[in-house]
Amino acid sequence: MQTLIDKLSKKIDEHRPRTVRLLKEYGDVELGKVTIGQAIGGMRGVKVLVTDISYLDPNEGIRYRGKTLPEVFELLPKPAGKDYPYVESLWFFLLTGDVPTQAEAEDLVEEFKKRRKIPQYVKDILNAAPKDSHPMALFSMAVVAMQKESKFYKAYNEGLDKMTAWIPMYEDSTDLLAKMPGIAAYIYRMKYKNSDFIDDDMSLDMGGNFAHMMGIPVPYDDVARMYFITHADHESGNVSAHSTHLIASALSDAYYSISGMLNGLAGPLHGLANQEVLRWIQGVREQMGNKIPTKEEMSKFVWDTLNSGQVIPGYGHAVLRKTDPRYTVQREFCIKHLNDDILFKYVDVLYQVVPDILREQGKAKNPWPNVDAQSGVIQWFYGLQEYDFYTVLFGVGRAIGTLANITWDRALGYPIERPKSLTTDMVEAVAGIK
Ligand code: HAX
């Protein structure tokens, strides 16, 4: 673990002068302009965030620290005999940009184990929640309940030093990340398995222990590793990443920030889309009486959905303009492991018809599938069929990237966020209407 914090410290020292120089000497250089369309239209494409942890190219898709997802899967150390890397090793990679050695990854796995015990009061709070609370509301509640553990908050109250503020942020982030899979599994067993909880197995890494605590057998451990890594980061402007960054910019700690991140992720246009995809496919399946629809039959379902004013969940994207590589890695997983699965066949027929239909409809700028179109089917196949839980899985994954980002935010001293708003009168005046 010392290796990671030492390495990170060195990286931060090397990086800081670049940010300082850009601010001091080039602070007035324009990165772009802002149109009225962007101000009213959700700030699409406005370049106002700086991060080195991931970059989303509209035509290529996501790269973490310059690497594509298949490269990340290939490069990061794996547990013996497993196909997918230690999730813990992604934490090391996203923070430092360096691929950890097998020994460094395994050290980190041990460090995470020391931090993953869930406080009893969190379990008590979850147990006391209404039985029909959404799992995302429970997850957010559990995370914010742990705010009292914050080392950053404590350091702030003792007089925070700007140069070292990233250290307690890093500590909180590691503590929280280590606990999130266990909390997720607790929520799952409480809500859907009659509170028949399964104890932590200290011999297992994050992915392995998560599968164990969920009560889902091998190879679900590899599914969990693949899923958490695939969902970890998508640069900084999406709702979950931006909420985390925005909240942390007020010097709120990691617990407040990640609870807010989960609230944003819970929206149906963002992370909840994976649940919506499954709900929608199940509706089609019921109507088809389990028969795999022809392309014509599926097209009719898609048009009916569009004509009723709904979006096709799992399709479209605010930035991407091609098939999401996160969809592709999961599709390849499905072709290898669940090629005969009926729901995968539904997803496959959808892939054949939806892009053409969305193009014909002419509204969506991107007719291609995103990450959420495929992920629920994999979970369903391995027995996790309570689809309103799916966004919780996304939340565990997304915490990795967003926590790495807010650790760097503190390291680089990013200030409180405060864009400017105008009134409609003012915008009309700029437009020359008034
Ligand atoms: N089905 C039907 N219509 C769609 C569509 C879809 N999948 N995607 C976009 N459109 C529509 C929009 O609703 C919008 O219509 P209006 O002009 O009537 O408002 C129009 O096409 C233009 O939208 P856009 O510029 O292409 O897309 P946005 O940047 O505004 O929105 C979304 C991006 C992802 C929210 C959008 O594509 C969508 O609603 N997709 C379905 C929900 C979904 O899959 N969300 C998950 C996205 C990935 C993610 O964040 N995961 O967490």
Side-chain angles (χ1 to χ4, degrees), residues 35 37-46 54 56 58-59 61-62 69 136 139 227-244 261-281 283-284 298-299 301-331 347 350-351 353-379 387-402:
T35 63
Q38 288 171 315
I40 298 177
M43 298 186 279
R44 253 355 144 272
V46 182
S54 70
L56 179 59
N59 293 308
I62 193 68
L69 280 178
M136 284 300 278
F139 202 18
Y227 191 98
F228 294 152
I229 293 175
T230 304
H231 289 75
D233 210 30
H234 220 221
E235 67 167 45
S236 291
N238 64 78
V239 170
S240 51
H242 192 198
S243 325
T244 318
M261 176 279 270
L262 294 169
N263 300 340
L265 194 68
L269 294 186
H270 190 21
L272 208 78
N274 54 13
Q275 147 178 347
E276 297 303 298
V277 170
L278 247 282
R279 188 207 303 276
W280 189 79
I281 293 182
V284 180
M298 190 61 107
S299 296
F301 284 115
V302 173
W303 275 115
D304 286 351
T305 301
L306 288 174
N307 292 335
S308 70
Q310 291 165 264
V311 296
I312 304 302
Y315 281 76
H317 201 272
V319 177
L320 275 167
R321 294 295 173 258
K322 63 158 259 187
T323 297
D324 191 334
R326 301 173 299 171
Y327 175 89
T328 310
V329 296
Q330 294 185 96
R331 181 178 161 78
V347 167
L350 274 174
Y351 192 32
V353 303
V354 173
D356 282 346
I357 294 176
L358 287 179
R359 268 196 293 250
E360 191 181 331
Q361 191 208 28
K363 278 170 66 173
K365 293 190 188 68
N366 176 34
W368 300 106
N370 61 57
V371 64
D372 297 313
Q374 190 78 242
S375 52
V377 170
I378 302 179
Q379 299 299 331
Y387 48 75
D388 54 355
F389 186 76
Y390 292 172
T391 314
V392 172
L393 303 172
F394 197 154
V396 175
R398 184 50 54 93
I400 310 168
T402 51

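Every number for a ligand or one of its atoms is a count from 1 in the order of the listing. By convention here, the first residue in the shown sequence is residue 1.
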Rounded distance (nearest 0.5 Å) linking atom CG of Asp233 with atom CG of Asn238
7.5 Å
Side chain Ser243, main chain Met261, donor-acceptor under 3.5 Å
no
Any donor-acceptor pair under 3.5 Å from Thr391 side chain to Gly271 backbone
yes
Within the 4.0 Å heavy-atom sphere of ligand 1, strictly under, residues:
Arg44, Leu269, His270, Gly271, Ala273, Leu306, Val311, Ile312, Pro313, Gly314, Tyr315, Gly316, His317, Ala318, Leu358, Lys363, Ala364, Lys365, Asn370, Asp372, Phe394
Cut-off 3.5 Å, no hydrogens considered: what does the side-chain donor-acceptor table look like for residues 357-365, sequence neighbours left out?
| from | atom 1 | to | atom 2 | distance (Å) |
| --- | --- | --- | --- | --- |
| Arg359 | NH2 | Asp356 | OD1 | 2.7 |

Could you go step by step and tell me if Val302 and Trp280 meet the side-chain contact (heavy atoms from CB on, under 4.5 Å) rule?
CA-CA 10 Å; Val302 173; Trp280 189 79; 3.8 Å; yes
Measure up the Tyr351 and Tyr327 rings against each other and bin them: parallel (under 30°), tilted (30 to 60°), perpendicular (over 60°).
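Ring orientation of Tyr351 relative to Tyr327: tilted.
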